[in-house]
Amino acid sequence: MNPNINNNAPTYAHVSGIKWVVCEIIDHLWPWNKEGWRQHKAIETAGMALAIAATVAWLLAANRQLGASAVIGWWLGWSIYEIIIRMQCKPYIKDGPWWRHNYRPASRMDMFCYVMFKNLLIGVILFSVLRNLGLLQMVD
Amino acid sequence: MTPNYELSSCTNIHMKVPPLSVAHSTIHLINRFMVLIAWCLIFSLGFSAKAQAEDEKDADYNTHGRHATATHSGSYEAPLPVELSTDPDLCAYVPCSDVFPNADYFSSRKGRPAYVEAYRSKKVEDKENGHHTQDESRVLLGYVFLSTDIVDIPAYSGKPVVTLMGMDVSGKIVGVKVLKHSEPILLVGIPERELTKFIKQFVGKHAWDKLEIGKARAEGGYIGIDAISGATVTVISENQVVMRCAYEIAKQVGIIKAVPRPQAEFTSISEQRNWDELLAEGSIQHLTVSPADVGLDNTSQPYIDLYFGYLNAPAIGRSILGERNYAGLMAELKPNEHAVFIVANGAASFKGSGFVRGGIYDRIQVSQDMDSFTFRDTDYRNLYNIQAVGAPEFNESGIFIIRSASFSAAYPWSLVFLGNKMDRQTGTKTFANFDREYWLQSRYLQGGRPVIIKSDPVWLKIWKSRIKEIVGFISILIFTATIYARRDNLVRRSNRKDKRWVSIPKYAIWMTSIGFIGFGLMAQPSITQVLTWFHSMLFQWKWELFLSDPFIFIFWLFIILTVFVWGRGLFCGWMCPFGSLTELLYKIAEKVGLKRFQFIPSNAVHERLKWLKYGIFLVLLIVSFFSMGLAEKLAEVEPFKTTFLVGLFNRSWPYTLFTATLLGLSLFTERPFCKYLCPLGAALAMPTTFRWFGLKRKQECTSCTACAKGCGSQAIDHKGVIDHRECLLCLDCMVLYYDDHACPPLSKERKLRTLSGLPLTRISAGGYYIPIHPINEKGVDK
Ligand code: SF4
Ligand code: SF4
């Protein structure tokens, strides 16, 4: 038990089964929430713009119009933004085994590690898909 | 001690942070510590440059040496002239006389693959005038050739070791010189003289000799040559490069005679098949090369998309050519002649744009085992259309005839597309082979496919040759994981004064790790491997690259698994050879009377310095995207190579001083490198954020600082929260957690129970005595 864990869990923490899995996936992919939107409109708007830019970067890459380094640059920029916005909107991370429903309040370092690691995995999956489709210029 | 806190509710605890009072002596210690850390940093930044300067000095010295003795110095990523791979005058760009000292004249490039002839001018004495004159005639002494003209065998770095070789007319190797390599281990880990020693072993060997790394095998006539320990992959690939090149050239110039292979006898199956069926059964093979494979920008079409098949087999020949053309072709072929069709689409041409009549097709060849077969214009026949139903349209097509008894369709062979890969940074082109294997289906061969014993891939050879050590290593890993998984048992048996149950297995594992894993197997994981993983995940995953070092591969599987299950602490705290060495030094120093000099940095200092390692890791990661070579040099901030791979006193003094400083500092404070500098520790700490199973805490931990005081890693904060990124799982706090004489709340409960005459029940997983519930006569809990 961690005595310092308070009830900073997401609202879906108590649902179970497949619904919880879907909520988890959405939570990993969607860093905003309504409350955060009301409180931090400017930062959220900038974030939305950055999200669109990052998506466009991936789409360009899928159209063979953007090299690997440019995609990495965009992805890094997006990740830094995601850390900031998650600290405002969803300041928690999973605690303990991933299949359990325990969450803890995230410190900045927790959030940094979480976002970087998650986005690395997403990046690897997207890179592999593009590469296997022969769409991304992969000169290391 | 009165706890210094106030509770406002069960869940919200507001701590009064104790005022930071630092005694004078502590300040003195901190200052001393800071100065030492600063020195370490200055060294870590400065010594790379210094070491490089030393290497350059070595290179200058060695250029005065002759061929194999001192030929490779300064060859790490040495710039080679762009014309080297294309200009006919090879010896204008590379020092051919270094590998053939007796020759004074070298021809231009000849043959395919290319070589140059080495001559000595005949000197005749002009008796009348009493001086030497040069005769027109020259004596052929042998051949000089460049590895990248002949083979495309990557070494550990994934790039070839560019090697120049000399061989005399009898097939004896007379000189070997490494012109360029990209092997990081030879740059920063292993002194260059080791490579000198290694390549010297080829001199005097013959092109047909079977050389193997390690001890000579009794059977098969193998000659053993010594490896460079720690650079197994490099030496295995360099052995292949030298011997394969010598064999190819010796065969081409007629020193090695072609050995006939037993020819294939075809079955009578001759029913025609369509394109897709032929493709599905493997009678047509497909080879694609993308623009990126040859260093060009990807476009919508492949560089070359090529299909090929063996036409002599009646079923295949008839399907592709039709009955009449097949009969015509077979009537034209003499015994031991074989026809292969090739069709292709794509940006490039397999016939080659530089092809001239009477010349050689320089983009394709067929290889079988050690033999390769090239095609001249007389070996070419037009292929106007493909009869097989469903065959797509192709830009280019042709039939090529192999005229050699050494080729047999009964055995596997490969079609090789010979490309040039352009290095985007330097513009230099290097030779790159792309091949696809072809083996006639057994249904077309009388008696089926012959049994052949394929030689194992390089990585498998390495695994097989070290199987005993691998088993030992895996056993140690399993033992460690099992011990740690049983930690609850061990810490319950221990107490603050007697931690034998934890420390005996841990010390045993440390010693094994230092002796066997570190010094013996040289399997100290490094941040450079993490960087390579990153790049491989994003760019191109090559299993061979990771499998080539079995211990590092297995260790990383273990590390990844345990980091997610328990956090970095199991590796860092129990298994890392360098980490174990530094903590062992600290413990030894404590035992031999240095305890009074030992110190723990203040929390304020620790809280700032601990971020340094994350900074170092991120800098290395970012630099690696621009230059892996530079990142590898900067990764020398890890003293691992100096400690385990090369030896403390085998390197230039800045490396030695840096490592010695860290080891010296470790006598006085616990694991300074791990806590503040190690980029590998930082890289593992980050995913530790999501470890599944952490350490236990109880409610009172928020105010009681007993565990925090005993935590050598300073991983417990003033609120009693364990920072699992910093925790090295020493288990000291877990011993305390269950110790009813040391854990303040537990001890208090023990005293209360003793006073009230209540029994001391077992301590639960929550860290308290199991509550006593009075039960009534029926045994029901009241
Ligand atoms: S921090 Fe680095 S040196 Fe220390 S134990 Fe971990 S990996 Fe080894
Ligand atoms: S005392 Fe506890 S928190 Fe500190 S390093 Fe050891 S196991 Fe980790």
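Letters A, B, ... are given to chains in the order of the sequence lines, protein chains preceding strands, and every chain is numbered from 1.
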Quick check for you: among B:F564, B:F690, B:W611, which has the greatest number of heavy-atom pairs under 4.5 Å with chain A?
B:F690
What are the two closest heavy atoms between B:T689 and A:R104, and how far apart are they?
O-NH2, 3.4 Å
Is chain A contacted by the side chain of B:L618, its backbone, both, or neither, given a heavy-atom distance below 4.5 Å?
side chain
Under 4.5 Å to a heavy atom of chain B? For A:Y114 that would be both
Measure across B:M686 and A:C113 and return the closest heavy-atom pair with its distance rounded to 0.1 Å.
O-CB, 3.5 Å
Enclosure of B:H286 NE2 (heavy-atom neighbours >12, cutoff 6.0 Å)
yes
Nearest 0.5 Å, what's the CD1-CG distance between B:I622 and A:L76?
7.0 Å
By a 4.5 Å heavy-atom criterion (distance strictly below it), what part of A:I93 contacts chain B: side chain, backbone, both, or neither?
side chain
